[in-house]
Protein chains: 2
Amino acid sequence: MRSRSVPAAVAASPGLPVDVVPIALSVDLVLLTVRDDQLCVLLVRRGIEPFRGRWALPGGFVRPQEDLAEAAVRELAEETGVRRRPAHLEQLATYGAPARDPRGRVVTVAFLALAPLSQAPVAGTDAAASRWAPVAGAGDPPGLAFDHQAILGDGLERARAKFEYSAVATAFCEPEFTVAELRRIYELVWGGRLDPRNFHRKVTGTAGFLVPTGRFTTRDGGRPAELYRRGDAGVLHPAMLRPTARPNP
Amino acid sequence: MRSRSVPAAVAASPGLPVDVVPIALSVDLVLLTVRDDQLCVLLVRRGIEPFRGRWALPGGFVRPQEDLAEAAVRELAEETGVRRRPAHLEQLATYGAPARDPRGRVVTVAFLALAPLSQAPVAGTDAAASRWAPVAGAGDPPGLAFDHQAILGDGLERARAKFEYSAVATAFCEPEFTVAELRRIYELVWGGRLDPRNFHRKVTGTAGFLVPTGRFTTRDGGRPAELYRRGDAGVLHPAMLRPTARPNP
DNA sequence: TCCCTTATCGTCGACATGACGATAAACCGG
DNA sequence: CCGGTTTATCGTCATGTCGACGATAAGGGA
């Protein structure tokens, strides 16, 4: 049952059993940012078959001596000109359905990245084009290439869930930001409104979430708001639950 | 920068660019169960180099037409005789450090599985040996093969975290179980004691967590305890936080 | 029967939360 | 200069959950 006459020439490596079938491994990125008061995802237009001309998540094949996260950052730079490491980068999941790529067996490791727009201005070099697409309606009529629509959905759900119990939302913010700006991020990611007073109480009352700078700004109009920086808190105790996630009443 | 003289003979597939370097892809399992009042992980002893004789997580290479979860279940059956699909199976993470396998580039997709002992009795057929190792001190002096110690650690942390906001703990239980048995599971996974009265209030008060059967048992001694089945609740609202996860005081 | 063990129910105070009122401090148009 | 608008921030209050722990129920064993 084990050996199934795979030519030794395609064995992945001399040290491995000859019946090990090599697989192409790629990385794909769900890079999110906030732009024009909308949650946006970075897409690239495919310049080659398959799915030529369709929009897809940025990504590419892993090189022989490259770690996975490293490959993700490199592809991001190559395809979009985004050079700086995103403020937040984490592995999302690995997608390996046998038929997900018509060219052959390609398994992809998806990453979720969050960055403020200023860190990711977008200037593609490799792909035919790249753009920020509002996540509502990303890849609308034809859908994204491959299974990227599903990957995007999983990435969004991961981001929404992580907003509840962690402080990653600050990854979307500039170094200094107001409570209202952070609240707007939450509202865009979760969809819906949050009470400004309760939100303010929560984020300023959670140790390590925000660090006050003592300086103020009026860039949002109205009374001057204090500027904060990210704190060092990774997780929130207790969590901030999204209003929609209330199955009881 | 792109093509780096990789022989076309090793291209992963005819349809892919010739500079795509094929990689060996494996799956590994962190299969947990509760046995003799201990949280245990299934380990197999390696029969071949590298790490011959060392304990490792069960796993193996992905076949050409096989989905990832499918490969995980198959390897579990082949290596340990565990035929039934575990009560809970989820993707954990993918590990791809370039030097994690001395034989060459092998990337592994790790899965986390939970099962009651009755579903996974262990009777190895392929590996030299397999056993249930208490997670406290699994692979003690030499450590596990490859980076499996780190994978096990990540799996345990994932399980601990998931116990807080989901009902997966019932995956360790027989079809019918008492509140005390479920509480013991939590105590073993989290390490530490839980108040029986508060735990009872929490799990019986959370809609969809437990379904009472109306029948009772005295197998734990003392006053008869009601038997329950798993409910259909996937997530818990609000979460049940582990006592140690309290950074405030 | 007394005691021991475990199950289950209740009570109480601390605390987080949602709803929402009130005040503060900038801006703008007149 | 002044009132109106906008946004920020602080408070209040009812509700719900949680941790600590007392009390009672219902078996088994000596």
Task: Contact under 4.0 Å: A/K202 side-chain N or O vs C/dT17 OP1/OP2 - done: yes
Length of the [atom1]-[atom2] vector between [X] and [N], whole Å:
X      : N      : atom1 : atom2 : answer
B/H237 : C/dT17 : NE2   : P     : 14 Å
B/L227 : D/dG27 : CG    : P     : 14 Å
B/R215 : D/dA26 : CZ    : C1'   : 19 Å
B/R184 : C/dT6  : CZ    : P     : 11 Å
A/R219 : C/dA25 : CZ    : C1'   : 17 Å
B/L241 : D/dC18 : CG    : C1'   : 10 Å
B/E181 : C/dA7  : CD    : C1'   : 13 Å
A/D195 : C/dG21 : CG    : C1'   : 11 Å

Testing the 3.5 Å rule here: is there a donor-acceptor pair between the side chains of [X] and [Y]?
X      : Y      : value
A/E174 : A/S118 : yes
A/T178 : A/E226 : no
A/Y95  : A/D28  : no

TODO: Classify the ring geometry between A/W190 and A/Y186 as parallel (under 30°), tilted (30 to 60°) or perpendicular (over 60°).
DONE: perpendicular
Short N/O separations, protein against nucleotides 9-12 of chain D, under 3.5 angstrom:
unit_1: D/dT9; atom_1: OP1; unit_2: A/E226; atom_2: N; d: 2.9
unit_1: D/dT9; atom_1: OP2; unit_2: A/H200; atom_2: NE2; d: 3.2
unit_1: D/dT9; atom_1: O5'; unit_2: A/H200; atom_2: NE2; d: 3.4
unit_1: D/dT12; atom_1: O4; unit_2: A/R201; atom_2: NH1; d: 3.4

Task: Gap separating the CZ atom of A/R184 from the CG atom of A/L194, nearest 0.5 angstrom - done: 9.5 Å
TODO: Indicate yes or no: at least one non-hydrogen side-chain atom of B/M240 is less than 4.5 angstrom from one of B/E164.
DONE: no
Open item on the list: Using a 4.0 Å heavy-atom cut-off, does A/R183 contact any base of the nucleic acid, only the sugar-phosphate backbone, or nothing at all?
Closed with: sugar-phosphate
